[in-house]
Amino acid sequence: NCDLTGNLRAIDKSIQVHQDVRVYDSRLEDGRELVYEPGDRRGVWLQVTSGRVLLNDRPLEKGDGASIEEERTIRLGSRGGAEFLLFDLA
């Protein structure tokens with residue numbers, strides 16, 4: 001699942017961030033997939049904090065980051081489990 005950690009309005013126990021951003025932290029179990037759909041005119045930054053993530057079938061490892069723009073659907077998978085932060089940015 002993907003938990004909201006921070007955003008502009010501090011809703012759902014998230015911290016308030018004074019930017020137009022939503023910050024999610026997530027843990028993926030081995031073999032699981034998460035689909036994220038950013039809104040129009042939004043970009044995404046993905047930061048892998050542990051394990052291995054498949055970002056639209058491209059492998060990323062702990063410490064890797066990726067900028068994603070102009071994608072309607074982002075598919076995140078894991079082999080062996082992973083944790084990451086996803087920043088949805090204006």
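For this chain, numbers begin at 1 and follow the sequence in order.
Transitive grouping of hydrophobic side chains (ILVMFWY, heavy atoms separated by less than 4.5 Å) keeps Leu54 and Leu34 in distinct clusters.
Note on residues 43-57: pairs passing side-chain hydrogen bond (donor to acceptor under 3.5 Å, both in side chains), not counting sequence neighbours, are Trp45-Gln47.
Arg42 pairs by the side-chain hydrogen bond (donor to acceptor under 3.5 Å, both in side chains) definition with Asp20, Asp88, not counting sequence neighbours.
Nearest heavy atom pair, residue Asp30 against residue Gly80, reads OD1-N, 2.6 Å.
Considering CG of Leu28 and CZ of Phe84, their distance stands at 4.5 Å, rounded to 0.5 Å. Atom-to-atom distance recorded for Leu86:CG and Leu76:CG is 6.5 Å, nearest 0.5 angstrom.
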Which atom pairs, one a donor and one an acceptor, fall under 3.5 Å between side chains of residues 61-75 and the rest of the protein, sequence neighbours left out?
unit_1	atom_1	unit_2	atom_2	d
Asp64	OD2	Glu61	N	2.7
Arg72	NH1	Asp40	OD1	2.9

Original post:
Does the pair Leu46 and Leu85 meet the rule for a side chain to side chain contact (heavy atoms under 4.5 Å, CB included), with working shown?
Top reply: CA-CA 6 Å; Leu46 182 75; Leu85 296 172; over 6 Å; no

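Under the 4.5 Å side-chain criterion, counting only non-hydrogen atoms from C-beta, Ser78 is not in contact with Val53.
Tyr24 has its ring centre less than 6.0 Å from the ring centre of Tyr36.
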